[in-house]
Amino acid sequence: MANGSDTTPASATGHDAAGVHDVFGPGRLGPVTLRNRVIKAATFEGVMPDGLVTDELIEYHRRVAAGGVGMSTVAYLAVSPEGRTDRHCIAVRDETLPGLRRLADAIHDEGAAVAGQLGHAGPVANGRSNRAPVLAPSKGFTPLGGRTHAITTDEMARVTGDFARTARSLVENGFDSVEIHLGHNYLLSAFLSPKLNRRDDAFGGSLENRARFPRQVASAVRDAVGDRAAVTVKLNMADGTRSGLWLDESIDVARMLESDGALDAIELTGGSSLANPMYLFRGEAPREEFAATLPPLVRAGFRLIGKRFLVEYPFEEAFFLPYARQFRAALDMPLILLGGINRLDTMRQAMREGFAFVAMARALLREPDLIDRMQKGGREESLCIHCNKCMPTIYSGTRCVLVNP
Ligand SMILES: Cc1cc2nc3c(=O)[nH]c(=O)nc-3n(C[C@H](O)[C@H](O)[C@H](O)COP(=O)(O)O)c2cc1C
């Protein structure tokens, strides 16, 4: 797939006479040209023994790439050991790089580009499993009753360096794009949240201060990769929690990111893995299946609070579009629409409304070759029914349970 050396002019990237992008035509993402406007969104790929890339992980992405997407996103690559969600998740280090290179090559061989999602779990990390302190903007408690430690400015400088180093390693190993996780109340998103960030230093208080650390990371990542790769963020529009980040502030954060000029696009998301996970999915809450993944004692507790933790929201096609439109109206830079995109007509509508790309997660878990089917004219809509039973499979090998029970 094309990278920084690609010089395809924007005029040759697939628009109709009115300038509306063709879903199946090529699209520029910074220095990269994707063969179409569909990105496979990050779906945490499950247990990676020793945090290393497995053949199953490579095959998982190869199938999505062979199925026609423009780019596949390798989910949640932790930039620091304590930034793993738990100890089975990949923290990028020297031993991981040959596997990531094989993964990138496999995706390229199928004609798609490859992005890596870079993150630090912050308060979402399982400190016991990681055997490391849980870093957060401020002191507090995790949902499992652990304590969070208020990250120091020295630690923030170290984590910023971890993001930059990891981005550079991925790009040196064939990745076309890096996506910085600024959503779901992971560390950088927690900094934006007025509820989770109660600091009284230069990184807390005003929105400008709360955005300082995420902006610093975005700029450091850009400096690390230059124009050799695209740099994007996955940004929360709304945390979906009382006193959390909401549109009035998140649009201003996006404006700040736009004016910094470090990014090629913003993917728009919402929700909190800490306090309101279903906000980012919508549809059925898989409470029983989730409970079954927990140790027996925790499971009993979860049965009591499950309804409050996994709050159910009715599924609607393109459920984030009303929020994302506010961003489209406020910004000039490329935006990626995400959330409940299942139909070809929705993808076309996103293009008409000025979004540069659409990102899809569950629909492509259900059918990795959905885009190919749509392009060939055999399919208008995904078979995904938003049962969300894929969600708890992240602990045993992420999959659609209708395909692989
Ligand atoms: C099984 C599963 C795992 C996910 N893992 C991640 C992840 O690691 N990082 C992330 O940012 N989002 C993750 N997501 C959220 C998706 O990227 C996406 O934001 C969400 O599913 C809404 O998109 P959809 O309606 O197309 O599924 C995950 C979603 C699912 C279903």
Side-chain angles (χ1 to χ4, degrees), residues 1-16 20-43 60-75 103-117 170-171 174-179 228-234 263-269 318 333-339 341-377 379 382:
M1 187 39 40
N3 56 24
S5 62
D6 179 70
T7 52
T8 312
S11 58
T13 55
H15 309 121
D16 69 10
V20 175
H21 305 315
D22 172 7
V23 173
F24 300 118
R28 294 297 299 258
L29 180 63
V32 187
T33 299
L34 309 190
R35 66 180 163 189
N36 61 42
R37 302 219 170 235
V38 184
I39 297 173
K40 156 77 171 55
T43 47
Y60 177 94
H61 283 281
R62 193 203 59 74
R63 288 184 65 208
V64 175
V69 297
M71 181 162 79
S72 192
T73 308
V74 181
L103 175 51
D105 289 348
I107 293 175
H108 288 158
D109 286 349
E110 298 292 352
V114 51
Q117 181 180 56
L170 289 188
V171 173
F175 279 65
D176 304 285
S177 184
V178 288
E179 173 185 281
R228 292 177 295 157
V231 179
T232 67
V233 293
K234 183 167 184 175
L263 301 175
D264 295 307
I266 300 180
E267 181 174 294
L268 297 164
T269 186
M333 67 181 293
L335 297 176
I336 303 169
L337 183 70
L338 164 84
I341 300 175
N342 287 280
R343 298 202 307 251
L344 183 52
D345 61 0
T346 312
M347 294 151 78
R348 294 202 166 115
Q349 184 185 348
M351 300 295 114
R352 280 195 299 279
E353 296 205 24
F355 293 93
F357 295 93
V358 291
M360 298 163 74
R362 287 166 294 179
L364 294 169
L365 280 183
R366 176 69 181 82
E367 294 166 281
D369 61 349
L370 178 63
I371 304 310
D372 203 26
R373 285 171 192 260
M374 284 178 163
Q375 193 165 4
K376 288 181 177 147
R379 184 66 70 75
S382 146

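Residue numbers run from 1 in the order of the sequence given.
Judged as a salt bridge (Lys or Arg N to Asp or Glu O under 4.0 Å), and not counting sequence neighbours, the contacts of Arg343 are Asp345. Remark: Thr269 pairs with His184 by the side chain to side chain donor-acceptor pair (under 3.5 Å) rule, at least two apart or across chains. With sequence neighbours excluded, the residues satisfying side-chain contact (heavy atoms from CB on, under 4.5 Å) with Asp105 are Arg101. For Arg373, the side chain to side chain donor-acceptor pair (under 3.5 Å) partners at least two apart in sequence or on another chain are Asp369. Residues forming a side-chain contact (heavy atoms from CB on, under 4.5 Å) with Ala350 (at least two apart in sequence, or on another chain): Leu337, Phe355, Val358. Residues satisfying the side chain to side chain donor-acceptor pair (under 3.5 Å) test with Thr43, not counting sequence neighbours, are Lys40, Tyr60. Under the side chain to side chain donor-acceptor pair (under 3.5 Å) criterion, Asp109 pairs with no residue, sequence neighbours left out. For Ala363, the side-chain contact (heavy atoms from CB on, under 4.5 Å) partners are Asn342, Met360, Leu370, Ser382, not counting sequence neighbours. For the side-chain contact (heavy atoms from CB on, under 4.5 Å) test, residues two or more places apart in sequence or in another chain that qualify with Arg63 are Glu59, Pro368.
The two residues Ile336 and Ala265 come nearest to each other via the heavy atoms CD1-CB, 4.0 Å. Taking each heavy atom of Arg379 and Leu344 in turn, the nearest pair found is O-CD2, 4.4 Å. Considering all non-hydrogen atoms of both residues, Leu34 and Ala113 come closest at CD2-CB, 3.6 Å. In terms of heavy atoms, Pro31 sits closest to Asp264 at CD-OD2, 3.8 Å. Scanning all heavy atoms of the two residues, the minimum distance from Met71 to Ser177 falls at SD-CB, 3.8 Å. Contact record, Ala356 with His21: CA-CD2, 4.1 Å, taken as the closest heavy-atom pair.
Once rounded to the nearest 0.5 Å, the distance linking CG of Asp176 with CD1 of Ile107 reads 9.0 Å. Between Met333 atom CE and Leu263 atom CG the span is 5.0 Å, to the nearest 0.5 Å. Residue Gln117 holds its CD atom at 12.0 Å from CZ of Phe175, rounded to the nearest 0.5 Å. Within the model, atoms CG of Asp16 and CZ of Arg348 stand 11.0 Å from one another, a figure rounded to the nearest 0.5 Å.
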Next item on the list: Show the numbers, then the answer: is there a side-chain contact (heavy atoms from CB on, under 4.5 Å) between Lys234 and Leu338?
Entry: CA-CA 10 Å; Lys234 183 167 184 175; Leu338 164 84; 3.7 Å; yes
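You'll find the side chain of Leu364 reaches within 4.5 Å of the side chain of Ile371, heavy atoms only. Residues Val23 and Met351 have side chains in contact (heavy-atom distance under 4.5 Å, counting atoms from C-beta outward). Looking only at side-chain heavy atoms (C-beta outward), Glu267 and Phe357 stay at 4.5 Å or farther from each other. Looking at Pro334 and Leu29, their side chains never come closer than 4.5 Å, going by heavy atoms from C-beta outward. By the 4.5 Å heavy-atom criterion applied to side chains, His61 and Val114 are not counted as neighbours.
At least one donor-acceptor pair closer than 3.5 Å links the side chain of Asn36 to the backbone N or O of Gly70. Although no hydrogens or angles enter the test, the distance criterion places no donor-acceptor pair under 3.5 Å between the side chain of Arg37 and the main chain of Phe24.
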